[in-house]
Amino acid sequence: MSLDAPHEMAANAIPAPATPSAPGPVPLDAQTAGTSFLSSIVGDNRPPSPPARLAGDQQQGPLVRVVPHLARAPIGRSTVHAARLLRPASWLKSHELSVETTYEQRKNGSSSVLFKLVAGPGLHWLKYRGAWLQVKRERETRAMNMMSGTPWETVTLTTLSRDRNVFSQLLSEARDLAMKGQEGKLVVHTAWGAEWRPFGLPRRKRPLGSVVLEEGVGEKIVEDVKAFLERREWYANRGIPYRRGYLLYGPPGSGKSSFIQALAGALSYDICLLNLSERGLTDDKLNHLMTNAPERSFILIEDVDAAFNKRVQTSEDGYQSSITFSGFLNALDGVASGEERIIFLTTNHIERLDPALIRPGRVDLSMLIGDATPQQAKRLFTHFYGVEQGETAEPSLSPDELRRLGDELERLVKKAMKAGKRVSMAALQGLFIQNDARTAVTACKDTYLSVANAQ
Ligand SMILES: Nc1ncnc2c1ncn2[C@@H]1O[C@H](COP(=O)(O)OP(=O)(O)OP(=O)(O)O)[C@@H](O)[C@H]1O
């Protein structure tokens with residue numbers, strides 16, 4: 001196919017600020033360049049930047065950024081213009097690249113910044129299943145998302161092909177690519193103003209069995225959540241808001257957050273992490289967030305005691321957020337809609353919580369997630385060094401010795417508990433990560449029994 005060159009293209013191309021020129025031409029033939037350009041157009045599953053015009057619905061992924069604009073780009077609309085614009089050599093090039101960055105701050109203080117080059121504002125050309133497509137990304141200069149301050153964007157796809165199916169094929173492929181990135185992964189959302197946005201990349205799901213709780217505790221929570229999910233009709237018929245609140249309380253490092261994340265993963269739910277100390281959070285925004293969480297997600301509010309122990313909300317730096325205790329209670333109750341709402345609260349200090357917060361209807365199930373019991377310690381040990389396909393994680397360790405070491409650990413944790421010593425699951429995990437099985441048991445003895453014996 002040979003068509004004429006886009007003389008106006010360079011002049012008309014939108015010079016996006018902070019859009020570096022690519023060092024060389026970037027091939028855009030999707031048949032030879034694979035789907036990489038397609039993925040760069042549709043993005044991955046990171047928070048889109050800037051958001052799409054219809055991005056108000058948090059369920060929309062990158063795919064939806066393309067959909068509404070197709071409607072405004074009738075096929076063949078600019079056939080003549082495009083025919084004039086095209087020249088064989090330049091169709092396969094795009095200099096309009098943007099840098100898309102993702103910043104992730106982890107709970108332990110570490111952070112990472114990822115970047116990738118994506119097709120930026122301007123014109124791009126690609127050949128998709130034999131049809132040439134013009135892709136035009138335009139930023140709105142006047143309108144912007146008031147919540148996040150980012151400009152809206154229009155992506156217009158135009159084709160000369162008579163085959164309209166090319167759009168549906170492209171969109172299905174884009175959707176499949178987007179979904180693949182999330183398959184088997186846990187998506188965590190955080191609040192941006194009054195809307196939810198995915199935070200960082202989707203994470204690998206943690207197997208539920210890797211969080212070792214006291215016998216029966218995890219099972220009880222899982223059963224309760226599953227029973228709740230099966231009773232939508234029951235709630236609707238009785239006019240009861242379809243919501244359930246859970247409180248997991250106990251010492252630090254006992255597995256509260258890990259269990260909630262693993263449970264979300266097991267049920268293919270997302271997590272919506274709500275920080276009540278967030279600057280700018282108001283009662284209204286909180287209410288909006290609680291009632292507009294993405295479908296199939298748990299709302300997780302950690303360390304809820306820190307937020308309202310004196311019915312005043314103060315962050316670490318002394319900033320007082322403008323949410324009120326009664327506003328928080330109202331948001332927890334939610335509007336009496338049929339929307340499913342599952343809320344998890346965690347705390348290290350249940351005694352500091354206001355009784356109004358944990359009354360039934362707001363918190364329906366409270367569970368203590370405690371320090372390690374002797375059996376838990378042994379199970380965690382076995383999980384770490386355990387037998388897989390007939391072999392232990394360490395070749396020099398026979399299954400018999402593993403059992404013996406596990407029993408020894410169980411006994412020593414029992415002894416430590418008798419001596420009033422607390423054994424944290426997080427601390428045990430730390431010892432197991434650093435040591436082989438034999439050294440780990442010796443280290444536990446040194447850590448817990450030397451002190452216990454001395455007492
Ligand atoms: N019961 C457990 N089983 C397996 N791993 C655990 C368990 N408890 C803690 N851990 C490990 O310890 C670390 C901290 O756990 P987690 O953050 O879930 O504890 P937490 O109870 O939520 O603590 P905090 O109250 O301080 O938020 C995680 O890396 C987790 O893997």
Side-chain angles (χ1 to χ4, degrees), residues 104-110 186 188 190 199-200 203-222 245-266 269 271-277 298-309 315-316 343-353 357-358 363 365-386 393 406 409-410 413 416-417 421-435 437 440 443-444 447-448:
E104 184 174 7
Q105 174 93 48
R106 299 191 196 90
K107 225 180 154 189
N108 64 9
S110 69
L186 174 73
V188 176
T190 49
F199 176 69
R203 301 143 201 235
R204 258 186 77 179
K205 285 181 183 174
R206 179 173 182 158
L208 201 51
S210 74
V211 188
V212 181
L213 303 184
E214 200 178 345
E215 205 75 51
V217 171
E219 291 78 355
K220 181 151 189 206
I221 303 167
V222 173
Y246 297 88
L247 173 70
L248 304 193
Y249 65 96
S254 54
K256 298 180 290 297
S257 311
S258 305
F259 181 78
I260 296 164
Q261 295 202 12
L263 179 60
Y269 269 56
I271 297 265
C272 290
L273 201 55
L274 192 53
N275 176 8
L276 297 176
S277 309
F298 292 167
I299 295 178
L300 172 57
I301 304 173
E302 294 190 294
D303 301 324
V304 70
D305 61 287
F308 283 109
N309 54 12
S315 73
E316 278 165 15
I343 300 157
F344 275 92
L345 309 176
T346 71
T347 180
N348 298 138
H349 303 283
I350 191 172
E351 72 285 353
R352 292 186 191 164
L353 297 183
L357 178 61
I358 50 179
V363 168
L365 182 69
S366 296
M367 294 298 283
L368 167 67
I369 311 290
D371 279 321
T373 64
Q375 295 78 15
Q376 253 178 287
K378 182 180 170 180
R379 276 168 49 219
L380 188 69
F381 178 84
T382 314
H383 184 78
F384 250 81
Y385 303 102
L409 180 70
E410 187 177 3
V413 172
M417 283 174 71
K421 194 92 177 115
R422 288 173 43 188
V423 180
S424 135
M425 288 296 276
L428 282 180
Q429 176 185 269
L431 285 173
F432 297 166
I433 288 173
Q434 283 171 9
N435 299 290
C444 285
T447 310
Y448 298 109

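All ligand and atom numbering here is 1-based and tracks the order in the structure. Only a predicted model underlies this, so the values are computations on that prediction, with no experimental measurement involved.
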Show which atoms of ligand 1 fall inside a sub-4.0 Å distance from at least one heavy-atom site of N348.
25 (O)
Test side chain to side chain contact (heavy atoms under 4.5 Å, CB included), reference I260, set V211, L345, L248, output is L248
Considering S254, P251, P252, which one's heavy-atom position lies nearest to atom 26 (O) of ligand 1?
P252
Element-labelled atoms of ligand 1 that are located less than 4.0 Å from some non-hydrogen atom of L213:
1 (N)
For ligand 1, which atoms sit closer than 4.0 Å to a heavy atom of R206?
4 (C), 5 (N), 30 (C), 31 (O)
Relative to ligand 1, is S210 under 4.0 angstrom through side chain, backbone, both or neither, heavy atoms considered?
backbone
Polar-atom distance check: V212 versus ligand 1, any N or O pair below 3.5 Å?
yes
Flag the pair C444 / V413 as yes when at least one side-chain heavy-atom distance between them is below 4.5 Å, and no otherwise.
no
Answer with yes or no whether L380 contacts ligand 1, where contact means a heavy atom under 4.0 Å from a ligand atom.
yes
Between F298 and F344, how do the two ring planes meet: parallel, tilted or perpendicular, split at 30° and 60°?
tilted
For atom 15 (O) of ligand 1, which candidate among S258, G370, G209 holds the nearest heavy atom?
S258
If we only count heavy atoms from C-beta on, is the L357 to V363 side-chain gap below 4.5 Å?
no
Under the 3.5 angstrom rule, does the side chain of Y249 hit a backbone N or O of E351 as a donor-acceptor pair?
no
Is the closest N or O pair between F259 and ligand 1 shorter than 3.5 Å?
no
A266 meets the side chain to side chain contact (heavy atoms under 4.5 Å, CB included) criterion, sequence neighbours left out, with L208
Tell me the contacting part of K256 for ligand 1: side chain, backbone, both, or neither, using a 4.0 Å heavy-atom threshold, strictly below.
both
Set of residues satisfying side chain to side chain donor-acceptor pair (under 3.5 Å) with respect to S424, sequence neighbours excluded:
none
Heavy atom of Q429, distance to ligand 1 below 4.0 Å:
yes
